[in-house]
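Beneath this line is the structure, given in structure tokens, with notes to follow.
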Amino acid sequence: MASVLLLQLLLVSLASARQHFGGSVTVRVKYKNPDGSFRVEVRNKATFDSCQGSYTNFCWQNCGLTSTWVSGTIDSSTNASQSNTQWCQIETVDTRNVPSDKHFQLRYLGCCWIPTRHGLKNDWRLQTSLDLGSRSDTGKPNRSPDIDILPFLRVPENCPRTYELMSFDPDGDRVRCRYGNIPNVECSSCHQPSGFTLDQDSCTLHYNQSTANPRVYGFELVVEDFPQRNITLGYTDGSRSSSTPLVVRSKRHATHTTPTPPLSKLPLQFSFLVDPAAPSCEEGLYLPEFLPPTPLNGARLHAEVDREVEIRVRARASHATIHDIIISGPLNITKQRSTHGEFVIRWTPLQHDLGEFFPICFAVEAETGSGVYQSEMRCVLVEVRRVSVNSHVICTESTMRVEVEKSSFHGLHEDHLRLNDGANIACRLRSNSTYVFADIPLSGCGTELEEDGDYLRPVVSVWDRGFGRFTYQFEFYPNDQYQAMVDPASYPVVYDIGSRIYMQIEATSSVNNTVLFVESCRASPYDNQNSQQTYSIIENGCKVDPTVQIHSPSHPRQFRSSMKAFKFIGMFDQVYISCTVLMCAAGEPNTRSSQGCISSKTPATWPHNHQRRKREVAVESARHFVSQGPLHLKRSAESSESSALHLNLNLVFIAGCLLAAVGMISAVVLYQARMSKVKYQPLSTEER
Ligand SMILES: *[C@@H]1O[C@H](CO)[C@@H](O)[C@H](O)[C@H]1NC(C)=O
Ligand SMILES: *[C@@H]1O[C@H](CO)[C@@H](O)[C@H](O)[C@H]1NC(C)=O
Ligand SMILES: *[C@@H]1O[C@H](CO)[C@@H](O)[C@H](O)[C@H]1NC(C)=O
Ligand SMILES: *[C@@H]1O[C@H](CO)[C@@H](O)[C@H](O)[C@H]1NC(C)=O
Ligand SMILES: *[C@@H]1O[C@H](CO)[C@@H](O)[C@H](O)[C@H]1NC(C)=O
Ligand SMILES: *[C@@H]1O[C@H](CO)[C@@H](O)[C@H](O)[C@H]1NC(C)=O
């Protein structure tokens, strides 16, 4: 007892002043070491007001020493303008060697909880315990439940909501969730939030009613598991213990029973913010509503070692702007927004994750001028299995060849495999004695197109010394009014022979008194600045194509021009237009902008060996490369149907090879197509 007190005193002095938003701990026994000790993996998720720093854990009982230790950020708060709180969730994977398979007990602690509205004391505690003995029912070491939650939940005060907490147990045990009730061990001061009800047996938290408050409620829950029938646990020292199911007795007898001890106790802590009332609680208006293919809450997903799992999340909010997704999951999980506004969560299990289960939780946030609206939370469970299907994907410019080794899919008959468009004879799978295979056209058999946010950006944003942050936008317009731009969703833009193409490049700058200068523009069949086949439209600031017209801009950071379509698009199947642009200080002599057209006998090899004086600080920016397309010329013989197919194959970046990772032969075949968005590359030849 004395030593415990001493430790606690010590802690107060060690504790950092970082603010705690919540955390959880799970423990997994990995294997028995040759020396008889056990390798245990402790995963601690902790959320603080910053991503920096570390904190302390204390071994309470049989938790050995750390062997390896890795840590990384899982996710951090969205920066919606209305977010008043900054948080960052970190996961630490602490691999320890513990001396025996007896009871394991570890405690993480520190100061301080973020200020809560129901007066939690400053210190926080994450107390974890688990019986590591071998179970009579599974023959394996006991496993703890798999738990997870988003560290920061929020809901408008007028919108009751239900959260089903992830409470899966890999041993099939009965899992219960309760409020911590031992002060300074399971909870700080153990004050429970009001306005909520917690159904302990189903681990369901209902938000019923509260009032908005800028301070959060801090939840300090404990998740426990109990066997479904009597079991014994055996230990390497030959001893045994028994564990009995939890008997829920009627209230009348409750006082006469001694509580059944759980097999494990895990902490689950999080912050909950009650926001001002939403104009409506209907999902899909302000509160985002999940749409397919978002997995359902509680869905079980299968993953394979070294193959990326991908979770697609789509949401809608007609009266608010979908802003971000927040996630919680295993270390090295990533999130990304695709150009269709879908979110993609990705994670690749490693060999040592085989056989384990990992929860992943997510919610989408939308914002309006006055509020942030979080969707319901969904959690899925990823089970890491052995690689089950051996497949190869071979990508060519126009097709994907998928080959699947027959011997690797047991219990599945090849007649039951098909592509999305299985009815089409041309899309049938073929086979020989060892493989099932198909040559899948990129534009048929149910192939779906997907753009990837890594390669495509709607608006180019750059930063330049002296010019601050500015963005370029490059769009096509139907006429010289430059009002409604051509919808990027309709790309490739199809032009009739002889019609005019109206384009506009616009820069927005945080610094006034700047002008945009377009030095050169070219058409080429690829949106790549190193393309060999190009057609000059503007060169050195001079019109080269005879049909080019410059239109008056509405401000100096805009450039508008047009040209006739047939002159160049016809040279290629389709083209992109790429321009080299820069920003100059307005009214300064000797800037590239003030010089305008510089005609030259020797055509510059665009844009690299363009002669330039050393750039003076803050008078002109570096040159930037922006491109947009593709444009496509309508040929008289062509039906509108086939023009869609001309979304051309040599422009397609095939990520079909990702397919191998996904291992999906039967279902949706994905690849990525480059389409329609502005592309930006800094020019490498410019001095910084
Ligand atoms: C936060 O917002 C700013 C401007 O709105 C943006 O530049 C920045 O990338 C955002 N950060 C994150 C992490 O989204
Ligand atoms: C929710 O709050 C209302 C108003 O206080 C109360 O009448 C109702 O019983 C509460 N429901 C639950 C399930 O607590
Ligand atoms: C389980 O164990 C308890 C206590 O050891 C005992 O009272 C009970 O009868 C056992 N139940 C069964 C089904 O064996
Ligand atoms: C996360 O990724 C890093 C770098 O790729 C790797 O070293 C580490 O082992 C990974 N950790 C986990 C737990 O997956
Ligand atoms: C079966 O098809 C696969 C994939 O096309 C090929 O690699 C293999 O050589 C073929 N085997 C036989 C026996 O034809
Ligand atoms: C830039 O100009 C606009 C309008 O002329 C003005 O509203 C704004 O405050 C100026 N910004 C700076 C940073 O000078």
Side-chain angles (χ1 to χ4, degrees), residues 24-28 30 39-46 51 66-75 89-96 135-137 146 148 173-174 226-233 240-249 253 256-263 303-309 327-335 345-360 382 384 389-396 399-409 414 417 428-440 656 659-661 665:
S24 67
V25 181
T26 57
V27 183
R28 297 184 172 96
K30 306 303 283 192
R39 178 59 67 98
V40 166
E41 182 186 85
V42 182
R43 285 183 177 246
N44 166 238
K45 288 208 179 93
C51 299
T66 294
S67 146
T68 63
W69 191 89
V70 284
S71 162
T73 299
I74 306 294
D75 199 7
Q89 189 185 43
I90 298 160
E91 185 172 60
T92 305
V93 182
D94 179 1
T95 311
R96 309 177 76 97
R135 297 167 62 116
S136 55
D137 56 348
D146 291 297
D148 201 359
D173 293 336
R174 175 168 170 186
F226 301 88
Q228 303 274 11
R229 56 190 69 82
N230 284 357
I231 62 165
T232 57
L233 294 136
R240 304 188 81 75
S241 72
S242 61
S243 179
T244 57
L246 182 73
V247 182
V248 181
R249 292 177 171 83
H253 296 125
H256 303 299
T257 61
T258 48
T260 314
L263 290 161
E304 295 179 354
V305 170
D306 292 332
R307 293 191 174 180
E308 189 175 70
V309 205
I327 60 169
S328 182
L331 190 59
N332 292 349
I333 195 168
T334 63
K335 66 176 188 182
I345 301 170
R346 297 190 170 99
W347 179 61
T348 306
L350 303 178
Q351 185 61 40
H352 72 262
D353 300 323
L354 185 64
E356 309 280 10
F357 295 83
F358 294 89
I360 295 175
V382 178
V384 182
V389 175
N390 288 332
S391 58
H392 313 283
V393 179
I394 301 141
C395 304
T396 70
T399 62
M400 280 180 286
R401 184 180 178 85
V402 178
E403 301 175 350
V404 184
E405 204 177 312
K406 280 185 183 176
S407 61
S408 73
F409 51 98
E414 62 177 280
L417 296 176
R428 290 271 164 83
L429 296 166
R430 290 173 291 144
S431 70
N432 63 21
S433 55
T434 49
Y435 278 87
V436 176
F437 50 91
D439 290 300
I440 305 161
L659 264 184
I665 166 73

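Note that the structure is a prediction, hence the values are computed from the model and not measured. Position 1 is the first residue of the sequence; numbering continues from there. Counting convention: from 1, in listed order, for ligands and their atoms alike.
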Looking just at side-chain N and O atoms, do Asp94 and Thr66 make a donor-acceptor pair shorter than 3.5 Å? yes
Just by distance, do the side chain of Lys45 and the backbone of Thr92 share a donor-acceptor pair under 3.5 Å? no
Can we say Asp137 and Arg229 salt-bridge, meaning some charged N sits less than 4.0 Å from an Asp/Glu carboxylate O? no
What's the shortest distance from atom 4 (C) of ligand 3 to any protein heavy atom, and which residue and atom give it? Thr244 CG2, 3.8 Å
Closest to atom 10 (C) of ligand 4 among protein heavy atoms sits Asn332 ND2, 2.4 Å
Please answer whether the main-chain N or O of Leu331 pairs with a side-chain N or O of Glu91 as donor and acceptor at a distance below 3.5 Å. yes
With the side chain counted from C-beta on, respond yes when Val25 and Arg43 share a heavy-atom pair under 4.5 Å apart, and no when they do not. no
Atoms in ligand 5 with a heavy atom of Ser433 nearer than 4.0 Å: 13 (C)
Taking atom types as modelled and ignoring hydrogens, do the side chains of Ser242 and Thr232 form a donor-acceptor contact shorter than 3.5 angstrom? no
Neighbour count >12 (heavy atoms, 6.0 Å) for atom CZ, Arg430: yes
Residue and atom name of the nearest protein heavy atom (relative to atom 9 (O) of ligand 4), distance in Å to one decimal: Leu350 CD1, 4.2 Å
Short version for Lys406: what comes under 4.0 Å of ligand 5, heavy atoms counted, is neither
Check ligand 3 against Asn230 and write out every atom of the ligand that is under 4.0 Å from a heavy-atom position of the residue. 1 (C), 2 (O), 3 (C), 8 (C), 10 (C), 11 (N), 12 (C), 14 (O)
Which of the ligand 5 atoms, numbered from 1, are nearer than 4.0 Å to a heavy atom of Glu403: 4 (C), 5 (O)
Closest by any non-hydrogen atom to atom 2 (O) of ligand 5: pick that one out of Asn432, Thr434, Val436. Asn432
Heavy atom of protein inside 4.0 Å of atom 7 (O) of ligand 3, strictly below: no
Under the 6.0 Å and 45° cation-pi test, does Arg28 pair with Phe358? yes
Within 4.0 Å of some non-hydrogen atom of Arg401, the atoms of ligand 5 are 5 (O)
Which of the atoms in ligand 5, numbered in the order shown and given with their element, are less than 4.0 Å from a heavy-atom of Tyr435? 2 (O), 3 (C)
